[in-house]
Amino acid sequence: MAADHYISVDELIGALPSGDGRVGLDLEADSLYRYAERICLVQVCYGKEVKLIDPLAEESLDPLVDWLSSARIWMHGADYDMTLMLGEWKMVPPMLYDTQIAAQLLGHQRFGYASLVEQYFGVELSKSSQKADWGKRPLSSKMLEYACNDVRYLLPLAHEVEAKLKELGRYEWFLESCEAAQTRVKKREGEEKEAWRISGSGHLQPTGLRFLRAVWNWRDGEAAAWNRPSFMVATNKQLIAWATDLAEGREINLPPKLRPDRSQRLGAAIKVAEGIPESEWPVRPKRVRQRYDETFEKRLKELMESRNQIAENLDIDPSVIASRGLLEQIIAGRVDPADILLKWQLSLLEL
């Protein structure tokens, strides 16, 4: 039974190997069910052991966080997990090897964890608990088994992809890519941004942006008070539609199940937005419009053809080397290639 894999933090720390990077980790959170998301389960594997830590139990996680602060661990698709660690534990391990990055560098078209486990070990993993509420207690036996399987094959997978990377001479690419992924997450965590500028807001004029900001702040406040994800109050698509309608002087269509008190607070927020003077309306982000002449198009075509040929020879997706958008920035002279590409990518493209 997966429940037998629960272990105390102190017991785990006493059992973990040190310094060799042969520890796997995964995290489960409740972001689909709560506004203030939490790390709800920590899955750890080492040797042939799979252990579970319950962060919601009355036990300090400080020893685990301290251990991770100097650890070298394996994860899969670690971007979101690193964001969770930074948000809740204020750290990420100094070296985090990501099997998803390894799979992409090896040319796998399907690089999800379950797909790789099936490809390498012929085991089909259940995805039934992928969107489960990990904040509830007790966790069902099905959820616990799912959680254990999320790391059960992680170290054997790491062994396989690491060997292939070294065989193909791409291991240094892998290390550099993992470090870059960690740097991106840390940078993103420290950046302050206007969260209300959601996808779809780019086409709005300032008069619409003032309404979008108002309804987004209304939704955020309702979600926080309810402690549920924002999309349960209203979707981004609804917010964009409301802002568009309000900017054009039309009545907005409210969800039929919207509570009367929420509807009243929404009306109040819109009324406040209507009274904001034009001088205080949000401005549209300035877009750099590059005029592409024949010389630009020729150079871009040549560089993309070169990239595509290199990718074909390596049997990897061309975007792993560099996306079209990055190549456009380089050709346009808006960035230094060394500022947006890794050393191995620069070397392949001879930039």
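Because only heavy atoms are used, hydrogens play no part in the values below, and waters and symmetry mates are left out as well, while side chains stay in. Count residues from 1 along the sequence.
The only member of Tyr113, Tyr153, Tyr97 that meets ring-ring contact (aromatic ring centres under 6.0 Å, His included) when paired with Trp74 is Tyr97.
No close placement of the Trp216 and Trp196 rings is indicated, their centers lying 6.0 Å or farther apart.
Judged by a 6.0 Å distance limit and a 45° cone about the ring axis, Arg213 is not positioned over the six-membered ring of Trp218.
Looking at residues two or more places apart in sequence or on another chain, you find a salt bridge (charged side-chain N to carboxylate O under 4.0 Å, His left out) between Arg259 and Asp261. Not counting sequence neighbours, the partners of Asp54 by the salt bridge (charged side-chain N to carboxylate O under 4.0 Å, His left out) test are Arg137.
The distance from atom CD1 of Ile13 to atom CG of Asp66, rounded to the nearest 0.5 Å, is 8.5 Å. Atom CD of Glu274 is separated from atom CD1 of Ile276 by 10.0 Å, given to the nearest 0.5 angstrom. The CG atom of Asn149 sits 11.5 Å away from atom SG of Cys45, with the distance rounded to the nearest 0.5 Å. A distance of 8.5 Å separates CG in Leu212 from CZ in Arg197, rounded to the nearest 0.5 Å. Put simply, CD on Glu222 and CZ on Arg228 are 13.5 Å apart, with the number rounded to the nearest 0.5 Å.
Judged by distance alone, the side chain of Asp293 and the main-chain N or O of Phe296 form a donor-acceptor pair under 3.5 Å. In this structure a side-chain-to-backbone donor-acceptor pair under 3.5 Å is missing from Arg219 to Val233. In terms of modelled atom types and a separation under 3.5 Å, the side chain of Glu162 and the main chain of His159 share no donor-acceptor contact. The main-chain N or O of Lys343 is never found under 3.5 Å from a side-chain atom of Ser347 such that the two would form a donor-acceptor pair. Between the side chain of Glu11 and the main chain of Ser8, a donor-acceptor pair closer than 3.5 Å is present. Of the possible polar contacts, none joining the Gln329 side chain to the Arg324 backbone as a donor-acceptor pair under 3.5 Å is found. Panel note: side chain Asn308, backbone Met304; a donor-acceptor pair is recorded below 3.5 Å. Looking at Ser177, its side chain does come within 3.5 Å of a backbone N or O of Trp173 through a donor-acceptor pair. Checked by atom type and distance alone, the side chain of Ser323 pairs as donor or acceptor with a backbone atom of Leu326 at under 3.5 Å. With hydrogens and angles disregarded, a donor-acceptor distance shorter than 3.5 Å links the side chain of Arg210 to the backbone of Thr207.
Residue Asn253 places its CG atom among 12 or fewer non-hydrogen atoms of other residues, nucleotides or ligands, all under 6.0 Å distant. More than 12 heavy atoms of other shown residues, nucleotides or ligands fall within 6.0 angstrom of atom CD in Glu248.
Transitive grouping of hydrophobic side chains (ILVMFWY, heavy atoms separated by less than 4.5 Å) keeps Leu239 and Val272 in distinct clusters. Under the 4.5 Å side-chain contact rule for hydrophobic residues, Tyr120 and Val50 share a cluster. A chain of hydrophobic side-chain contacts below 4.5 Å, direct or via other Ile, Leu, Val, Met, Phe, Trp or Tyr residues, connects Ile331 to Leu346. Leu32 and Tyr146 are assigned to two separate hydrophobic clusters, defined by single-linkage of ILVMFWY side chains at heavy-atom distances under 4.5 Å.
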Audit row: Lys136, Asp30, salt bridge (charged side-chain N to carboxylate O under 4.0 Å, His left out) steps and yes/no: CA-CA 9 Å; Lys136 74 176 186 179; Asp30 57 0; over 6 Å; no
Could you give me the CA-CA distance, side-chain angles and deciding distance for Phe111 and His76, then say whether ring pair (Phe, Tyr, Trp, His ring centres under 6.0 Å) is met? CA-CA 10 Å; Phe111 43 79; His76 184 86; 8.0 Å; no
Decide yes or no on side-chain hydrogen bond (donor to acceptor under 3.5 Å, both in side chains) for Gln309 and Asn313, but give the supporting numbers first. CA-CA 6 Å; Gln309 185 60 59; Asn313 294 340; 3.0 Å; yes
Go through Tyr35 and Asp220 one step at a time and tell me if the side-chain hydrogen bond (donor to acceptor under 3.5 Å, both in side chains) criterion holds. CA-CA 9 Å; Tyr35 176 83; Asp220 191 59; 2.9 Å; yes
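Classification of Arg188 and Asp79 as a salt-bridged pair holds, one side-chain N sitting under 4.0 Å from a carboxylate O. A salt bridge links Arg152 and Glu145; the closest N-O separation between the charged side-chain nitrogens and carboxylate oxygens is under 4.0 Å.
Counted by atom type alone, Glu118 and Ser115 present zero donor-acceptor pairs between their side chains at under 3.5 Å. Donor-acceptor pairing under 3.5 Å is recorded for the side chains of Ser319 and Asp317.
Of all non-hydrogen atoms in Ser126 and Ser128, the two that sit nearest each other are OG-OG, 3.0 Å.
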Under 3.5 Å, which donor-acceptor pairs link side chains of residues 86-96 to any protein atom two or more places apart or in another chain?
unit_1: Glu88; atom_1: OE1; unit_2: Ile39; atom_2: N; d: 3.0
unit_1: Lys90; atom_1: NZ; unit_2: Gly87; atom_2: O; d: 2.9

